[in-house]
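Read through the structure below, which is laid out as structure tokens, and then see the notes.
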There are 2 protein chains.
Amino acid sequence: MRSVTIKDIARAADVSISTVSRTLNGSSAVAEAKRARVLAAAAQLGYEPNVAAQGLVRGRSMTIGVLTQDIASPFYNEVARGIDVGFAGSGYQPIFVNGHWQIQDESAAITALTRRQVDGLIILGGRLGDGQLRDLHARFPLVLVGRRVAGLEAACLSVDNVQGAFLATSHLIQLGHRRIGHITGVSSQRDAVDRLEGYRLALAEAGLDFDSRLVFEGDFNESAGIQAVEHWLGQGAALSAIFAANDQMAYGARLGLYRRGIRVPDDISLIGFDDLPASQFTLPPLTSVHQPLFEMGEQAARRVLRRLQAPDLPLEPPELPLTLSVRESVRYARPMSH
Amino acid sequence: MRSVTIKDIARAADVSISTVSRTLNGSSAVAEAKRARVLAAAAQLGYEPNVAAQGLVRGRSMTIGVLTQDIASPFYNEVARGIDVGFAGSGYQPIFVNGHWQIQDESAAITALTRRQVDGLIILGGRLGDGQLRDLHARFPLVLVGRRVAGLEAACLSVDNVQGAFLATSHLIQLGHRRIGHITGVSSQRDAVDRLEGYRLALAEAGLDFDSRLVFEGDFNESAGIQAVEHWLGQGAALSAIFAANDQMAYGARLGLYRRGIRVPDDISLIGFDDLPASQFTLPPLTSVHQPLFEMGEQAARRVLRRLQAPDLPLEPPELPLTLSVRESVRYARPMSH
DNA sequence: TTGTAGGCGTTATCAT
DNA sequence: ATGATAACGCCTACAA
């Protein structure tokens with residue numbers, strides 16, 4: 001069941017393969033009569049061009065590699081959706097590979113992409129070293145989402161995590177909260193560190209002491225939120241609000257509190273980070289620092305596209321505004337009971 | 001910046017390109033000395049085979065097309081994760097395209113895959129006609145997830161939606177619920193219809209009347225859940241439990257009830273379908289009919305792989321057991337107040 | 001064991 | 001305007 005090739009069309013339309021190629025991609029004029037015959041034959045035979053063969057001769061595969069960490073995480077999905085939309089209609093196909101937050105997997109994934117001759121690369125998060133990223137940047141049109149690499153500023157798409165955390169924490173402080181717990185992300189990741197920093201900054205600005213007992217090191221998963229709550233409650237920590245470094249941990253915290261009979265926001269206020277679409281539908285709807293994940297994905301796609309078309313035009317670092325989506329999971333602190 | 005080819009290696013190792021090819025994929029014996037030289041040169045030059053070129057000559061692209069409907073939906077993501085795992089280490093790369101539940105988009109997506117010479121196809125849901133699917137099945141190793149097509153039984157991976165809905169509804173009935181609302185999925189989709197059927201069956205078996213006012217037609221999105229609740233409450237419908245045709249609508253319903261001050265499960269019990277990972281972390285954790293989404297994805301991958309290796313070996317339709325994940329969103333019905 | 005040569009499907013450069 | 005023909009990177013008879 002060989003697939004039909006331009007050779008078949010040439011035979012059917014009684015022209016040379018070059019004529020077929022020319023009419024099919026309009027690279028130069030073809031006599032109207034032959035043109036019609038070719039088109040008819042192509043349609044009749046159900047011809048589909050072989051992208052791999054085209055890529056081989058043109059030197060472009062028309063595919064863009066996307067290195068994501070966890071194909072199933074709601075976080076990466078929003079970005080992926082943006083990427084998908086960003087490439088729609090461009091002729092380029094994003095191809096997603098998983099890094100699983102493991103440097104070996106990430107390297108293997110990059111290799112897989114390289115072998116497929118991807119024309120560009122989008123990397124979401126991950127642990128690849130700055131040096132390695134710079135190498136890749138030298139070889140491909142590259143866009144990095146959620147990372148900041150020195151020297152690659154124009155290729156980086158990321159929000160100001162410090163400011164975001166500052167926003168969230170300040171909001172709680174303004175509502176009268178004084179003892180605010182923070183569940184961090186993986187401490188080896190820059191965004192997690194930055195969010196912790198923003199939290200500290202907000203406390204400092206309000207003249208509140210930083211209490212390390214109110215900081216729990218999580219890993220960005222739901223279960224870490226549960227553990228944080230267990231931890232705090234277990235040692236009788238007094239707190240009236242929690243700021244989680246991402247929404248998923250906030251969900252976990254909410255569940256942990258619920259299991260202990262503690263209500264959000266009645267007893268404890270809760271803020272997340274990311275503002276995943278699901279956060280509007282949780283109970284109560286979660287207040288969260290809104291990252292424009294979809295837009296970041298879309299931007300990333302548009303940027304590699306631009307680099308592909310105009311490799312030399314400089315790109316300026318984009319505006320990626322952060323806002324706080326205020327919902328029912330926070331309320332005024334009750335007067336301190338002690 | 002041309003990438004290095006076997007020709008480069010041949011020159012560096014002072015052998016012919018066929019020798020290079022042979023050592024690289026061990027297709028036939030090569031003198032140890034040359035072998036070593038080739039390997040060294042390849043490593044030294046950082047050679048990466050061009051998969052497209054290999055595919056061109058071998059006639060296999062080593063890619064599998066996956067037609068998904070909504071890359072961002074938590075439902076498809078679980079399946080996608082399974083697919084990813086299923087192909088891991090096989091050398092085959094899944095490439096995901098979006099159908100958006102639009103038949104045109106789906107066709108366009110299939111075309112995009114065809115042009116890339118995919119070696120196999122996995123189709124998740126969608127609206128493609130049975131005839132079209134049969135055509136595709138004739139051309140590719142094909143696995144269908146979430147659909148049942150006559151004549152393609154062995155290629156279909158889907159659960160018994162009637163039974164699942166029956167399970168859920170019966171559970172509520174056993175807990176004493178008599179007025180159970182049902183939020184359906186898109187009525188043009190088979191699984192939605194089947195779930196409604198299971199709901200009816202359970203009512204019938206328990207000798208309960210089917211009341212069409214307790215059925216609200218949704219669309220599988222969260223907002224439909226909210227609308228259903230608004231609808232029922234607006235017209236003063238009396239019900240003590242709700243069975244939603246998927247988890248996402250259950251989330252919406254829960255939120256709608258919350259906004260009206262109605263508690264789950266205190267006032268109304270709630271059951272979903274799918275048992276998305278997130279459902280364990282919602283408040284309260286949602287009771288739901290568990291579909292083995294991840295396993296379905298993994299199975300799908302394994303099956304195309306099998307077909308690729310042993311095209312003729314018959315595959316039997318797999319066992320895909322459904323269970324009810326019972327969590328806090330349901331409780332005994334309170335004695336009827338009228 | 002090794003190299004030469006032909007071909008996979010397509011585009012692009014030549015003459016014509 | 002059109003048709004040979006040479007690549008693109010790789011594999012695999014076929015010869016040697």
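In what follows, chains carry the letters A, B, and so on, assigned in the order in which the sequence lines appear, proteins first and then strands, with residues in each chain numbered from 1.
- Among all heavy-atom pairs drawn from B:I9 and B:V38, the shortest one is CG2-O, 3.8 Å.
- Under a cut-off of 6.0 angstrom, the local environment of CZ in A:R190 is sparse, with at most 12 non-hydrogen atoms contributed by other residues, nucleotides or ligands.
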Legend entry - Contact letters for nucleotides 6-16 of chain C, in which S counts primed atoms plus P, OP1 and OP2 and B counts the base, heavy atoms under 4.0 Å: -BBBBBBB---
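- Between A:R2 and A:D8 there is a side-chain heavy-atom pair separated by less than 4.5 Å.
- Distance, B:E32 CD to C:dT2 P: 10 Å, rounded to whole Å.
- Scanning all heavy atoms of the two residues, the minimum distance from B:G126 to B:R147 falls at O-NH1, 3.1 Å.
- Residues B:A72 and A:R81 approach most closely at CB-CD, 3.1 Å, considering heavy atoms.
- Between the CZ atom of B:R11 and the P atom of D:dC10 there is a distance of 13 Å, given to the nearest Å.
- Partners of B:T111 under the side-chain hydrogen bond (donor to acceptor under 3.5 Å, both in side chains) rule, at least two apart in sequence or in another chain, do not exist in this structure.
- The separation between A:D14 atom CG and D:dT2 atom P is 12 Å, rounded to whole Å.
- At least one side-chain nitrogen or oxygen of A:T19 sits closer than 4.0 Å to the OP1 or OP2 atom of D:dG3.
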